[in-house]
Amino acid sequence: MSDDPTIGFLKADVARFCAGLDDLVPAIRLVVVQLREALG
C-alpha cells in the first residue's frame, strides 16, 4: 500500500498544507495583538 502513488501525493499535500500553517501562525498572532491594542 505504501507504494501507491496516491498515498505519496497525499503525504506531500499534507506536508505543503502544514508548511503553509507554519507561515500563517505568526500572521494570526499579529492580528490578535493588533485587535487587543485596538480594543484596549
*When rounded to the nearest 0.5 angstrom, what is the spacing between CG in Leu24 and CZ in Arg29?*
11.0 Å

*asked:* Using the side-chain hydrogen bond (donor to acceptor under 3.5 Å, both in side chains) criterion, which residues pair with Arg16? Sequence neighbours excluded.
replied: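 Partners of Arg16 by the side-chain hydrogen bond (donor to acceptor under 3.5 Å, both in side chains) criterion, ordered by chain and then number, come out as Asp13.
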
_Cluster companions of Val31 among Ile, Leu, Val, Met, Phe, Trp, Tyr (side-chain spacing under 4.5 Å)_ = Leu35

